[in-house]
Amino acid sequence: MSYTVFAKAGDTIIENLTDFELSRIFDCGQCFRFARSCENQWTGAAFSRKLTALQTGDRLILKDTSLADFYDIWEGFFDLKCDYSLIREAISTDETINEAIKKGYGIRILNQDTWECLISFIISQNNNIPRIKKIIEALCERYGEDMGGIKAFPTPQALAAVCVEELHSLGTGYRDEYISLAARSVAEGRLDLNKLNAMETPEARSTLLSLKGIGGKVADCILLFGMGRKEVCPHDVWVKRIFAEKYGITAVTEKKGYELAKGKWGQYAGVAQQYLFYSERGFS
DNA sequence: AACCAGGGGCCGG
DNA sequence: CCGGCCCATGGT
């Protein structure tokens with residue numbers, strides 16, 4: 001993984017990328033704030049920055065982005081320092097996963113903001129991706145700071161100040177209370193996200209589970225997508241289906257699924273999950 | 001230990 | 001047009 005980076009006319013350009021397909025990265029259900037704005041071009045926001053990214057082959061253009069922002073924000077966000085060829089090799093244990101890897105080549109696990117992930121995946125429970133996006137956009141539009149054409153994800157303080165009824169009116173449904181409680185918990189310092197990030201995965205997971213509206217599945221999504229824990233394998237319905245159909249687990253319990261994922265893919269079980277999720281859902 | 005509610009978009013029949 | 005299904009969880 002040796003890409004080259006340079007600035008040109010206010011943009012940052014990255015060349016010689018491998019294991020990088022923008023459309024798969026943004027269309028595999030890990031991130032809800034980026035939308036296709038043109039052929040091969042995606043626009044969205046993360047870490048209170050706007051980003052328009054355009055990929056042609058192994059070349060990526062980050063529009064109106066300084067080198068400083070690339071190294072501070074986007075290099076980490078896109079997980080560019082991680083060599084996915086090593087991961088693919090490590091998780092290549094059987095024909096099912098190999099096929100999924102082939103279909104999902106170029107997927108990367110984004111390193112997203114923990115707070116944004118916390119709220120986004122509370123919203124994701126028992127929900128579909130178009131509606132999840134719609135709710136998150138409504139939250140950003142109303143309570144996020146303007147960044148010139150796009151709003152940042154609202155701060156914990158901003159969401160904590162909103163009453164439950166108003167959150168409900170944005171279409172959050174019964175998740176209104178969960179969002180409100182989580183926001184107040186972070187805003188008031190009872191849940192310290194820096195401390196959470198410093199914890200070992202089991203302790204971090206049980207801390208997340210102590211929040212109302214966060215169960216095993218949502219906690220695992222936050223750990224994987226918002227806390228960089230690639231060993232965590234979220235146990236969603238699609239993966240359960242694959243475990244049942246391809247790996248012969250009858251009555252797929254959470255416990256059995258974790259054992260399978262840990263045994264087969266170890267420290268990269270979460271990455272394997274994304275390939276499987278992507279291929280089974282049949283995006284693209 | 002099984003249900004069941006809670007919202008709404010989407011999709012197949 | 002409608003019923004089942006969603007990257008589930010809490011409550012009973």
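Chain naming here is simple, since letters A, B, ... match the order of the sequence lines and numbering starts at 1 in each. It should be emphasised that the depicted structure is a prediction, and the values quoted were computed from it without experimental measurement. Both backbone and side-chain heavy atoms feed into the values below; hydrogens, waters and symmetry mates do not.
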Just N and O in the side chain of [X]: are any of them under 4.0 Å from OP1 or OP2 of [N]?
{"X": "A:Lys134", "N": "B:dG8", "answer": "no"}
{"X": "A:Arg175", "N": "B:dA5", "answer": "no"}
{"X": "A:Lys133", "N": "B:dG9", "answer": "no"}

Nearest heavy atom decides the nucleotide; on that basis, is A:Gly216 or A:Asn128 closer to the 5' end of DNA chain C?
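The residue whose closest nucleotide sits nearer the 5' end is A:Asn128.
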Please compare A:Leu211 and A:Gln273 by the position of their nearest nucleotide in DNA chain C and report the one closer to 5'.
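Looking at DNA chain C, the more 5' nearest nucleotide goes with A:Gln273.
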Assigned partner base of B:dG8, Watson-Crick or wobble definition, under 3.5 Å:
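In the structure as shown, B:dG8 has C:dC6 as its Watson-Crick or wobble partner.
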Select from A:Asp176 and A:Pro130 the residue whose nearest nucleotide in DNA chain B is closer to the 5' end of that strand.
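The residue whose closest nucleotide sits nearer the 5' end is A:Asp176.
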Does atom CD of A:Glu15 have more than 12 heavy-atom neighbours, drawn from other residues, nucleotides or ligands, at distances under 6.0 Å?
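Yes, CD of A:Glu15 has more than 12 neighbouring heavy atoms, counting only those of other groups under 6.0 Å.
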Within the supplied structure, the quantity of interest is the number of heavy atoms (other residues, nucleotides, ligands) at a distance under 6.0 Å from A:Lys246 NZ; does it exceed 12?
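At most 12 heavy atoms, drawn from other residues, nucleotides or ligands, come within 6.0 Å of this atom.
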Interatomic distance where [atom1] belongs to [X] and [atom2] belongs to [N] [whole Å]:
{"X": "A:Leu181", "N": "C:dG10", "atom1": "CG", "atom2": "P", "answer": "11 Å"}
{"X": "A:Trp238", "N": "C:dC5", "atom1": "CH2", "atom2": "C1'", "answer": "9 Å"}
{"X": "A:Lys212", "N": "C:dG11", "atom1": "NZ", "atom2": "C1'", "answer": "9 Å"}
{"X": "A:Gln125", "N": "C:dC5", "atom1": "CD", "atom2": "P", "answer": "19 Å"}
{"X": "A:Arg241", "N": "C:dC7", "atom1": "CZ", "atom2": "P", "answer": "8 Å"}
{"X": "A:Ile135", "N": "B:dC10", "atom1": "CD1", "atom2": "P", "answer": "12 Å"}

Taking the same atom, P, in B:dA1 and in C:dC7, what whole-Å distance lies between them?
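Rounded to whole Å, the distance is 28 Å.
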Under 4.0 Å between any heavy atoms, over every strand shown, what does A:Gly215 touch: base, sugar-phosphate, or nothing? Just pick one.
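Result for A:Gly215 = sugar-phosphate.
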Using a 4.0 Å heavy-atom cut-off, does A:Ile132 contact any base of the nucleic acid, only the sugar-phosphate backbone, or nothing at all?
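Since no nucleic acid heavy atom lies under 4.0 Å of A:Ile132, the category is nothing.
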Proximity to the side chain of A:Tyr178 - top-ranked nucleotide from C:dG10, C:dC6, C:dC7:
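Closest nucleotide among those given: C:dG10.
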Looking only at the side chain of A:Val218 (C-beta and beyond, no hydrogens), which of the listed nucleotides C:dA8, C:dC7, C:dG11 gets closest?
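Output: C:dA8.
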Flag for A:Arg205-A:Thr201: side-chain donor and acceptor within less than 3.5 Å:
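A:Thr201 vs A:Arg205: no donor-acceptor pair found between side chains.
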If we only count heavy atoms from C-beta on, is the A:Tyr143 to A:Leu170 side-chain gap below 4.5 Å?
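SC-SC contact between A:Tyr143 and A:Leu170 confirmed.
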Specify whether A:Phe26 and A:Phe77 have parallel, tilted or perpendicular ring planes, treating 30° as the upper limit for parallel and 60° as the lower limit for perpendicular.
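Ring orientation, 0 to 90° scale: tilted.
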